[in-house]
Each structure stands twice: as C-alpha cells, then as structure tokens.
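Working notes, beginning with the structure itself.
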2 protein chains.
Amino acid sequence: MSPTPEERRAARHQFGTVASPPTARRGPSRGSKQPITVDAIIDTAFGIVAREGYDALTMRRLATALETGSSSLYAHVVNKEDLDELLIGRLCAEIDLPEPDPGAWREQIVGVCAQLRDQYLRYPGISQAAFAAAPSNLDTLRLSEGMLAILLAGDIAPQTAAWAIDALTLYVNAYCLEASLENRRPGRDEILRRFAALPDTFPQTKRYAAELTSGTGHDRFDFTVRLMIDGLV
Amino acid sequence: MSPTPEERRAARHQFGTVASPPTARRGPSRGSKQPITVDAIIDTAFGIVAREGYDALTMRRLATALETGSSSLYAHVVNKEDLDELLIGRLCAEIDLPEPDPGAWREQIVGVCAQLRDQYLRYPGISQAAFAAAPSNLDTLRLSEGMLAILLAGDIAPQTAAWAIDALTLYVNAYCLEASLENRRPGRDEILRRFAALPDTFPQTKRYAAELTSGTGHDRFDFTVRLMIDGLV
DNA sequence: GTATTAATACGAGCGGCGTTCGTATGATGC
DNA sequence: GCATCATACGAACGCCGCTCGTATTAATAC
C-alpha cells in the first residue's frame, strides 16, 4: 500500500522522505490522460494562484483545471490546509541560501528576505497560507536554519538571532499580504484627495499626506528590513 | 429616507457623521424584541469573536445570535467586509492616544502598540480583518494621526515617521494573527521533540532549539517593537 | 488464463458560506 | 382610514470543503 496523504504529510514534518519504494502504478488511467500526482497538483495550484490570486484557489477550481472531480484530490492531499502547506513548502524550497559570510551577514539576510518577498509576490495572496503554515515543516525549517546560520556567523547572540528571524519572516509575510490586497484599495491619488478633505482634527495626516502615501516599489520594505537588521548588535 | 448602509460607509471614510436626523423608528417590531441596529450588530459580533474566534463570525451565525435571519443584516451593513471594517474601526476607536510628550515618545509609541495588541488579542483572529481594512477609515486614521503626532514630537523626520507607523502596525497585525493561530499548532514540548529528531543537516536548529522556541508572554513582541523603535533617529 | 486484490478515480451529496430578491409587517403623515 | 415607506425576513442561488459508495484498472496469485 503506497503512503496515504496523511503519511506523506507526517514525513514532511518528522523525517526526510522515507523513500517509499516507487510502487508501480495501478488503477485507472483512462485514455491519454496522465495520472494525478502530488507534483501535478502543486504545479497546477501555483498556476491558478499566479494567474488569478490565492482566493481563486479552491479545491473544485483546482480539480477542474486537472480535468477531474474535487474528490479525487483527497487521495493525494489531506485537505486544503495540507495543500497550502505544500505550496509554502515548495516556495521555501526554492529560496537560495548563501554560504554564511561573517563579513556580509547583513547583505545576506536582506537578500534572503528579498527572495522570500519576491516569491510571495509572484503568487498574490499566498502569504495568507504562510501564516498558517506549521513551523515544523522541513522546507520552512531549512529556511530558518539558513537564516540562523547567517546571523550566527555575524556574531549575533543566539536568542537575538532567533527572535530576529521570527520578526523578519513575520514582517515579510505581512508586507506581502498587504501588497496582495492593494488592488482592492483606492489609488494613491484618491487617498490624497480624501486626506485633503479631512477635518482639522487630523492636522498631521493632512500636512504629511505625501509622506504617508509614499513608498513606491519596495522602499517601505527596504526601510523596515534595514530598520530591524541595523538594530541587531 | 434614512441612510442606506452604503451611505453610512461612505460617511466613515469621507466626513464626520452627517448626523442624520434620528428618524423615529418604523417598521415591524414583533413582540418584545428590540430592533436591530448597527451598534447591536457590532456588539453581538464582538461577543461571538471573543467567545469563539473570528472564523466563527459568519453572517448566519451573527443573525442567529440576534434572533433573526441573515438577510436582515444587510439592511444595516453593506456586506461582510463592511462588518469587518466596523469592527476594526471600533477597536481602533477605543485606543487611548496620549498627548505627545517629546521626552517620552518611545514609551508612548510602545504603549500605543501594546494597547493595539491587547485589543486584537481580546478578539482572536480579528487581525485577519485588520489587514483588509481600508486605510481611509476615520477611526483607523485617528490612530495613525495620533502615532504620527507622537513620533513628530520626538523629532523623527516625517518620512521616517510615516514608514515606521506602517511597519509597526503591520507587525502588530501579523503578531496577533500568528498568536491567534497558535492553538492549532503543536505545543512547545512537541516542537522541541521534533527539532531533536531532525537530521544533522539542521545543526543550528538542533543546537539552538531552546532559543528558537522561547518567548513566553510578549517577549518576542517587545523585542521586535523595541528593535524598530530604537532604530529611529 | 483466470480470479483476486490493491490502488486509483470520481459522481453525488452534505452542511455551510455570502448574498439577493420578493414579500410581509406595521408605525407614520395626510 | 389610507397610502407611504423604513424595516424585517424566508427562500433560494451559486459557491465552498469534504465524505462516501462505487466503478475502473493493473499487478499479482493461482
């Protein structure tokens, strides 16, 4: 009996893949349609999120894209939450972790955060899933292990390093989640107009409306990440 | 004609309440049941979230608690998103903003962040709604106005102050969102056990497992907020 | 060569969600 | 007394995640 989805999930949290013997395929494979695999599910899911955003990723929608029924997915994935974890896992797995260089730890950490940010932004809204992702997933642990190694090489105290990693990843998640919601909001011009129309009980907001609404590109992101990193010993 | 929910929402974003004349109540009011009002809806919603968490707050569930049908809510609230905004608005409205004291701006900002955190934590998961909340809501603007005033009094450059407020509120949101998901996760003991069972490709994680899983109470929160604030000029 | 068995696939259906629509209710102004 | 109109609400629509019973297929055992 090949591993159930539950067993696969457990393996992702506990040990490296048990390398279950690739049991020869059985079961129906009507016509030219290729069989459903976990990888195919993940690939298709990423496609949907990239094109239509995370909210469009439903089990039914995903099944339709795979030309099957939603119930078929549950033979490969425990539930939606499990699918989310698989997506976040793959995302983290693709982060390039540099060999720690004691003289360049700040740039290295900034680089990792930027990579993570760009991965999230490629798949709008997926950071929602990142918040729920369990901290014991092997792929996400690989990421924190790499960040920890960089900070330790930079002579940061272990406790400080651990909390800094938490703070940084939490901020990256939040920044990307907010960024993915930005299209639902009024544009900068509209906000400036509303700020100008505010009553005089909002003097600072009116006066510094430009500063409050500025931050094109990733200026705000860079500002905050640097703020945190420069504060480390 | 008394204001439609849409008009009420617009008022929250544009101008102070237009103080629509409190038209005497009309319509059915069968038996002793008191009429549905926006305030009653908000109060009941907070009760549900406080007791059962944000995910339990559905329009149907809310309507049931008010002893009515879900469709009745739409006479007072535009939609679920609007309800979320009302909740976040009230939450922000209850934050106590101190008179800016140039000599105590750090403590003042920390205090405001801690208040915000405690408000969010009182209603588990509600920070999900905070992410989506539009930045032009009057109650949330009052909060950022107050924080801006504190930072400016501390001689922080306007642009730095604006971005710092963004970073701080984003972090508070993220921290509280993660905190509300914590009960779904394995406890600290279980995580330590898993870390110990990791392969040797995770040397730092294994060695500093204690540091990585520490941070009872709000230690991690305090660490990060101080990290950001101390980095300001 | 045939029967057995395990793996896979999937349609139908359950309960719940946000939201809309048509209609009923009843206090108010004339 | 009657028309008006804010208010209230049941029924239904199209989604959602998920489960269950069953059908299909390929490897295996005899």
Side-chain angles (χ1 to χ4, degrees), chain A residues 1-9 20-41 45 48 52-85 128-129 132, chain B residues 1-9 20-41 45 48 52-85 128-129 132:
Chain A
M1 187 167 176
S2 95
T4 68
E6 284 84 357
E7 290 166 345
R8 286 194 245 252
R9 178 176 58 179
S20 64
T23 54
R25 203 179 156 313
R26 288 200 213 179
S29 70
R30 69 158 187 229
S32 61
K33 202 182 128 190
Q34 56 200 15
I36 302 171
T37 65
V38 175
D39 273 339
I41 290 176
I48 292 174
E52 309 172 41
Y54 178 74
D55 289 343
L57 181 66
T58 69
M59 299 300 274
R60 289 175 140 91
R61 177 87 186 66
L62 177 55
T64 303
L66 285 162
E67 293 180 309
T68 181
S70 63
S71 65
S72 303
L73 301 177
Y74 290 89
H76 307 271
V77 155
V78 179
N79 51 27
K80 175 82 188 334
E81 189 183 343
D82 187 38
L83 173 64
D84 288 341
E85 189 191 304
Q128 281 172 61
Chain B
M1 187 166 176
S2 91
T4 68
E6 285 84 357
E7 289 167 346
R8 285 192 245 252
R9 177 176 59 179
S20 63
T23 53
R25 201 174 156 319
R26 287 200 214 178
S29 68
R30 67 161 188 228
S32 60
K33 202 180 124 190
Q34 57 201 14
I36 302 171
T37 64
V38 175
D39 273 339
I41 289 175
I48 292 174
E52 309 173 40
Y54 179 73
D55 288 344
L57 180 66
T58 69
M59 298 300 274
R60 288 174 141 90
R61 175 89 185 65
L62 178 56
T64 302
L66 285 162
E67 293 181 309
T68 180
S70 60
S71 65
S72 301
L73 302 177
Y74 290 88
H76 307 272
V77 155
V78 179
N79 51 26
K80 176 84 185 339
E81 189 184 342
D82 188 37
L83 173 63
D84 289 342
E85 189 191 304
Q128 281 173 60

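None of the values given here were measured: they were computed from a predicted structure. The sequence lines fix the lettering, A, B, ..., with proteins before strands; numbering per chain opens at 1.
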Can a donor-acceptor pair be found, under 3.5 Å and without considering hydrogens, that links the side chain of Thr64(B) to the backbone of Arg60(B)?
yes
So, does Thr68(A) get its side chain near the phosphate of dA9(C), meaning an N or O under 4.0 Å from OP1 or OP2?
no
Rounded to the Å, how far apart are Tyr74(B) OH and dA8(D) P?
16 Å
Could a donor-acceptor pair under 3.5 angstrom be found where the side chain of Ser70(A) meets the base of dC16(D)?
no
Derivation and outcome, side chain to side chain donor-acceptor pair (under 3.5 Å), residues Tyr54(B) and Asp84(B):
CA-CA 10 Å; Tyr54(B) 179 73; Asp84(B) 289 342; 2.8 Å; yes
How close or far is atom C1' of dG11(C) from atom CG of Leu73(A), stated in whole angstroms?
14 Å
For the pair Arg9(B) and Glu85(B), find out whether any cationic side-chain nitrogen is under 4.0 Å from an anionic carboxylate oxygen.
no
Is the number of heavy atoms from other residues, nucleotides or ligands within 6.0 Å of CD (Gln128(A)) greater than 12?
yes
Both Arg60(A) and Ser71(B) contact DNA chain C. Which one's nearest nucleotide lies toward the 5' end?
Arg60(A)
Can you tell me how far P of dG18(C) sits from CG of Asp82(B), to the nearest Å?
14 Å
Measure from CG on Leu62(A) to P on dC15(D) and round the result to the nearest Å.
17 Å
Give the nucleotide from the list dA9(C), dG18(C), dC18(D) with an atom nearest to the side chain of Ile36(A).
dA9(C)
Partner of Pro5(A) under side chain to side chain contact (heavy atoms under 4.5 Å, CB included), chosen from Val38(A), Val78(A), Val77(A)
Val78(A)
Expressed in angstrom and rounded to an integer, what is the separation of Leu57(B) atom CG from dG18(C) atom P?
8 Å
Specify the separation, in whole Å, of atom CD of Glu67(A) and atom C1' of dA9(C).
14 Å
May I have the distance from His76(A) (atom NE2) to dC10(C) (atom P), rounded to whole angstrom?
9 Å
Could you check which of dC9(D), dC18(D), dA9(C) has an atom nearest any side-chain atom of Lys80(A)?
dC18(D)
Take the protein atom CG of Leu66(B) and the nucleotide atom P of dT7(D), then report the distance between them rounded to whole Å.
16 Å
Under 4.0 Å between a side-chain N or O of Ser72(B) and OP1 or OP2 of dC9(D)?
yes
